[in-house]
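Step one of this worksheet: look at the structure below.
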Amino acid sequence: MRIILRITTVDKESMGMSAETGQVRVRFAPSPTGALHIGGARTAYFNWLFARKHGGVFVLRIDDTDRQRSTEASYRQILDSLRWLGITWDEGPEVEGPFGPYRQSERLSVYREQLDRLWEQDKVYACFCSPEKLAEEREQAQREGRAPRYAGHCAGLSLEEQRRRIAAGEPHAFRLRTASTGQTVVRDVIRGEVTFDNRELDDFIVWKTDGMPTYHFASCVDDALMHITHVIRAEEHLSNTPRHVALFQALGVQPPVFAHVPMILAPDRSKLSKRHGATSVEEYREQGILPEALVNYLLLLGFSPGEDREIVSRDEAVQLFDLERVAKHAAVYDVKKLEWINAHYVHNMSPDALLDQIWPELEGRGWTGPDPAREQLAWLRTAVEFARERTRTVRDLPDMLRYYFEAPESYDEKGARKHFRPETAVRLQAAADRLADVRPFGAVEVEKAFRSLISDLGIKGGDLIHPTRLALTGVTVGPGLFDVMVLLGRDECVARMRRAAQWIELNAQS
RNA sequence: GGCCCUAUCGUCUAAUGGUUAGGACGCCGCCCUCUCACGGCGGUAAUCGGGGUUCGAAUCCCCGUAGGGUCACCA
């Protein structure tokens, strides 16, 4: 709402609208050095939501200027995770677009061109200081309690001298000339105006000795060339933003509007890491978390859709999302709430869709074949329907179906102690006998037979129902007993009940 | 250490100078019931501390404190 207001009162350029298209353009720029992190996923989602809400373009760019750590496997996995989450890109790898290529490793000539331009304009200069020397200076500065800034040894070298030494084969990097007085103001949609003293900035490196641009340089060149209007990224970049503003100025373009989203912390308020359990999208996927649920949870981490809403679909989120309402403080992630949201989506998923998800697992366990008969499918569908609301993740579903395919090999210990009394054996036998006459073998009919036996024996319902469940499934929890019995079928029920009766006679203590 | 950001129940958050500080997860209790789960009802629990400004402060300002980020030829 407020954004729309401002667009009408302020000129588009300063609002970050793309000058020529008047369109919002955002980007998500992961580096392929590992799996897609949930923090990254949330940043990607916020970018995606912002683009969708404003009819803009969502660009995916791969920041792989780090030759050492970038891997093809990570690259693929990140694309895969994003697609799984339903975060699709309008421009980027495999989709391409007018400002490609979208992998920085394929844009080297572009960066070199921009570097040469800035070099020509003396906005950038070659630096011949060795990393060792710089590290030493840095350490000394730290020991003496000074800010570890570049001393500017090479700042005064003439262009001729720079060229001469480069031609002579001297290893070199390039640094950006930065202002040492005045202030740099970063406009941040979430935090307002953040002011930095320019004396905090030194002439930082934009081009590495190995012939690759640094992250800062490549990122800004690309944001400029790709006409990015809003940079929505993690808070860890806020302190780097003055460098980026300096870079945009050097490149001669208006800086984009920034929005630094708060970080996601582990339950102990430290930075999220492996030891905190699942941190990547891929891991949650393996744990049976649904993409809709993960994306819903991520939205709630740092954003409130209002009206006390908790369950918010992608489409609703597009409507409700507002960058200015994103929280300023870091959020601790809470697996319990994720699971609750996941449970909601699982419970609302159709049995068929759930079956699709777990089918490979069912086949792997030999519980079904690749091409089941129509009745088999209907039967499975019903079993899933009963199990559905008792699980929080898709992952746990197959185990909950086990007893439909395998007779119990043992009985839950606590349950057996409680429900398998010496007198139960006879009752189970009697109940098994009664089942023979039940026609048709439906839930209503079976229950009727059971209730009448219960009444004949003069016992309470639970005295027969609980032992029967244990006899049939081996456990004390599960769907309504009569539904389970119908799915199991008369013969199987009778067999399992008689086997349990025998087990009791051998094992039950009086 | 310098600079920057942040601070409401255990956790995610609402409240944009006036509310008995609201909702959700979790936890506890009750109801439903053949168990479990779902669902329903109820409960537990918070404005980091200290100063201002104001008739009135969770909200604005200052100072502390705490947490986080950043100061790389990593991104």
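Below, read A as the first sequence line, B as the second, and so on, with proteins coming before strands; counting in each chain starts at 1.
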Consider the side chain of [X], meaning its heavy atoms from C-beta on, and name the nucleotide among [options] that approaches it most closely.
X	options	answer
A/Asp66	B/C73, B/G23, B/A75	B/A75
A/Glu200	B/C3, B/G23, B/C71	B/C3
A/Arg325	B/G68, B/A15, B/C12	B/A15
A/Ala327	B/G69, B/U13, B/C4	B/U13
A/Glu235	B/A15, B/G68, B/A75	B/G68
A/His237	B/A75, B/A14, B/C4	B/A75
A/Asp334	B/U11, B/G68, B/C12	B/U11
A/Arg269	B/C12, B/G69, B/G2	B/C12
A/Lys328	B/U6, B/C71, B/C4	B/U6

So what does [X] hit on the nucleic acid, given a heavy-atom distance under 4.0 Å: a base, only sugar-phosphate, or nothing?
X	result
A/Arg388	nothing
A/Arg191	sugar-phosphate
A/Thr33	nothing
A/Arg309	nothing
A/Lys460	nothing
A/His260	nothing
A/Leu238	sugar-phosphate
A/Thr209	base

Which whole number of Å gives the distance between the [atom1] atom of [N] and that of [M]?
N	M	atom1	answer
B/G49	B/U11	C1'	23 Å
B/C41	B/C62	C1'	47 Å
B/G68	B/C73	P	25 Å
B/C61	B/U6	P	11 Å
B/G64	B/U70	P	24 Å
B/A58	B/U33	P	47 Å

- line: 5' to 3', nucleotides 29-42 of chain B under a 4.0 Å protein heavy-atom cut-off (B base, S sugar-phosphate only, - none) gives -----BBBBS----

Does a salt bridge link [X] with [Y], judged by any charged N lying under 4.0 Å from a carboxylate O?
X	Y	answer
A/Lys460	A/Asp463	no
A/Arg392	A/Asp396	no
A/Arg417	A/Glu413	yes

Just to confirm, is there a sub-4.0 Å distance from OP1 or OP2 of [N] to any side-chain nitrogen or oxygen of [X]?
X	N	result
A/His329	B/C12	no
A/Arg138	B/C73	yes
A/Ser31	B/C74	no

query: Mapping A/Ala331 and A/Pro213 onto RNA chain B by nearest heavy atom, which one lands closer to the 5' end?
result: A/Ala331

Using 30° and 60° as the class boundaries, would you call the ring planes of [X] and [Y] parallel, tilted or perpendicular?
X	Y	result
A/Phe321	A/Phe303	tilted
A/Trp119	A/Phe174	perpendicular
A/Phe482	A/Phe450	perpendicular
A/His244	A/His216	tilted

Across all strands, who's sitting opposite [N] as a Watson-Crick or G-U wobble pair, both distances under 3.5 Å?
N	value
B/C27	B/G43
B/G1	B/C71
B/U33	none

Under 3.5 Å, which donor-acceptor pairs do the side chains of residues 326-337 of chain A form with other protein atoms, sequence neighbours left out?
from	atom 1	to	atom 2	distance (Å)
A/Tyr333	OH	A/His276	O	2.9
A/Asp334	OD1	A/Lys336	N	3.2
A/Lys337	NZ	A/Glu310	OE1	3.0

query: What do you reckon, is CD of A/Glu136 surrounded by more than 12 foreign heavy atoms closer than 6.0 Å?
result: no

